[in-house]
Amino acid sequence: MRVHALYLYPVKSLAGIPVSSFGLDNFGPRGDRRWMIVDADDQFVTQRDHPELATVTTSIDGDCVTVTIPGEGRFPLQATANETRARIWQDWVKALLGEPVASAALSRFCGTDLRFVYMPDETFRRVDAGRVTDIRRVGFADGFPLLVANLLSLEELNTRLETPVEMIRFRPNIVIEGAGAWQEDHWHELQIADQRVRLVKPCSRCVMTTVDPLTGTKAASLQPLRTLGQYRRTEDGVIFGMNGIHETPGRISVGDPVIHRTTE
């Protein structure tokens, strides 16, 4: 088993970036989902309600994140000193408002009042205490720092679909090759080069998987979610991939060897 691909998502729910490696800090992959979009009520906004966000691309150069908004142009995201309280799921966290120029362009693109917000280092958002007993933090990811997916699981799913889908639909950070389809259901821990990753929760999937990342439109057929629901439904929801937590800071690269421990 090896690392097949790696992805970063500098802004929650905008297009991701394939990378050859990424560093791991206390939040997770360095630079991953430290930015988020909120509405006028400071509630987080995603492709669930605005599928067109899939077509807003991102780039990252060191600590600088740039977004390219169709019909508007390129905008570097810069945090201001202006604080707000932003909601992501059940968590209200301290965030910094972004410079208004990029937010205004995104608002025009989506046709509603939106703002970019940044999670500063001093904000501590805890991962789900029901799944992880030690006190660990996460950025604006849904709940955990890492999402691990299995390449052959996608290939098996695609045999059931009339139109195959790409892995980017599922927004993983780490894609593993060399394992049989759905073997990740039984993994408890991964050793990726010198990094140890605990797999703490199956990842339940939502309507975002039906959004075409190229066109920003939802599939009327509700694929691939409808097919997944026929044979991947569990008490945790419709499952694809595993949520993980890294043990220490470090680096993961494409091609790194992977060893797994299975649940008993």
Side-chain angles (χ1 to χ4, degrees), residues 6-17 19 21-38 42-48 53 58 60 63 65 77 79 83-98 115-149 168 170-176 184 187-190 192 195-206 208-209 236-237 239-252:
L6 298 169
Y7 295 92
L8 287 176
Y9 305 90
V11 183
K12 183 176 181 65
S13 228
L14 298 190
I17 307 169
V19 295
S21 68
F22 56 59
L24 292 164
D25 59 22
N26 289 331
F27 285 92
R30 190 169 297 126
D32 189 77
R33 282 170 278 214
R34 294 289 294 273
W35 285 91
M36 184 173 73
I37 301 161
V38 298
D42 290 322
Q43 305 281 333
F44 77 113
V45 171
T46 73
Q47 293 177 33
R48 295 171 182 86
L53 291 174
T58 58
I60 188 167
D63 293 329
V65 174
L77 299 184
E83 296 182 7
T84 189
R85 298 282 290 176
R87 184 178 184 180
I88 171 161
W89 297 112
Q90 302 306 312
D91 299 325
W92 283 95
V93 301
K94 172 187 167 183
L96 301 177
L97 291 173
R115 295 182 293 174
F116 288 101
V117 296
Y118 177 75
M119 182 180 285
D121 289 346
E122 60 265 28
T123 292
F124 190 96
R125 177 179 173 232
R126 186 177 177 180
V127 301
D128 185 350
R131 298 282 183 168
V132 180
T133 56
D134 48 335
I135 300 175
R136 296 293 301 274
R137 78 192 312 182
V138 64
F140 287 130
D142 275 352
F144 299 91
L146 292 165
L147 176 59
V148 178
I168 197 66
F170 298 96
R171 300 178 70 82
N173 296 110
I174 303 171
V175 181
I176 304 298
E184 65 273 23
W187 295 346
H188 172 66
E189 183 178 288
L190 296 177
I192 305 176
Q195 294 298 310
R196 191 158 67 106
V197 175
R198 284 183 290 150
L199 302 179
V200 297
K201 179 185 176 295
C203 186
S204 59
R205 312 315 303 223
C206 69
M208 273 185 60
T209 60
D236 288 300
I239 300 304
F240 187 99
M242 297 290 289
N243 293 117
I245 293 181
H246 58 299
E247 292 294 303
T248 59
R251 179 163 291 275
I252 292 176

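These numbers were taken from a predicted model, which means no experiment stands behind them.
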Which pair of non-hydrogen atoms, one from [X] and one from [Y], has the smallest distance, and what is that distance?
X	Y	result
L146	I245	CD1-C, 4.4 Å
A95	A86	CB-CB, 4.2 Å
P10	T58	CD-OG1, 3.5 Å
F140	V117	CE1-O, 4.1 Å
G244	V197	CA-CG1, 4.2 Å
L8	P29	CD2-CB, 3.5 Å

Residues in salt bridge (charged side-chain N to carboxylate O under 4.0 Å, His left out) with [X], at least two apart?
X	value
R115	D42
D128	none
E83	K94
D236	R131

With heavy-atom distances below 4.5 Å as the criterion, would you say the side chains of [X] and [Y] are in contact?
X	Y	answer
E184	V148	no
Y9	L14	no
D32	F22	no

### Task
Take R136 and R198, measure what side chain to side chain contact (heavy atoms under 4.5 Å, CB included) needs, and give me the verdict at the end.
CA-CA 12 Å; R136 296 293 301 274; R198 284 183 290 150; 4.1 Å; yes

### Message
To the nearest 0.5 Å, what is the distance between OG1 on T46 and CE on M36?
### Response
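One gets 10.5 Å once the value is rounded to the nearest 0.5 Å.
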
Any sub-3.5 Å donor-acceptor pair from [X]'s side-chain atoms to [Y]'s backbone N or O?
X	Y	answer
R196	T248	no
Q47	L53	no
R87	V38	no

#### Entry: Residue that, paired with D142, satisfies salt bridge (charged side-chain N to carboxylate O under 4.0 Å, His left out) out of R33, K201, R48, R125
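Going through the options one by one, the only one that passes is R48.
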
### Task
Can you sort out the partners of R34 under side chain to side chain donor-acceptor pair (under 3.5 Å), two or more places apart, ordered by chain and number?
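Here the qualifying residues are Y118, D121.
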
### Task
Would you list the pairs meeting side chain to side chain donor-acceptor pair (under 3.5 Å) in which at least one residue belongs to residues 21-31, sequence neighbours left out?
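Matches after skipping sequence neighbours: S21-R251.
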
### Task
Assess whether atom CG of D134 is packed by more than 12 heavy atoms of other residues, nucleotides or ligands within 6.0 Å.
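Yes, CG of D134 has more than 12 neighbouring heavy atoms, counting only those of other groups under 6.0 Å.
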
### Message
Can you confirm whether E122 is buried at CD, in the sense that more than 12 heavy atoms of other residues, nucleotides or ligands lie under 6.0 Å from that atom?
### Response
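Counting other residues, nucleotides and ligands, CD of E122 exceeds 12 neighbours.
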
### Message
Run the side chain to side chain contact (heavy atoms under 4.5 Å, CB included) test on L190 and M242 for me, step by step, so that the C-alpha distance in whole Å, both residues' side-chain angles and the decisive distance to 0.1 Å come before the verdict.
### Response
CA-CA 11 Å; L190 296 177; M242 297 290 289; over 6 Å; no

#### Entry: Derivation of the side chain to side chain contact (heavy atoms under 4.5 Å, CB included) call for I176 and W187
CA-CA 12 Å; I176 304 298; W187 295 346; 4.2 Å; yes

#### Entry: Among I174, N173, V175, side-chain contact (heavy atoms from CB on, under 4.5 Å) partner for L147
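Among I174, N173, V175, the one meeting side-chain contact (heavy atoms from CB on, under 4.5 Å) with L147 is N173.
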
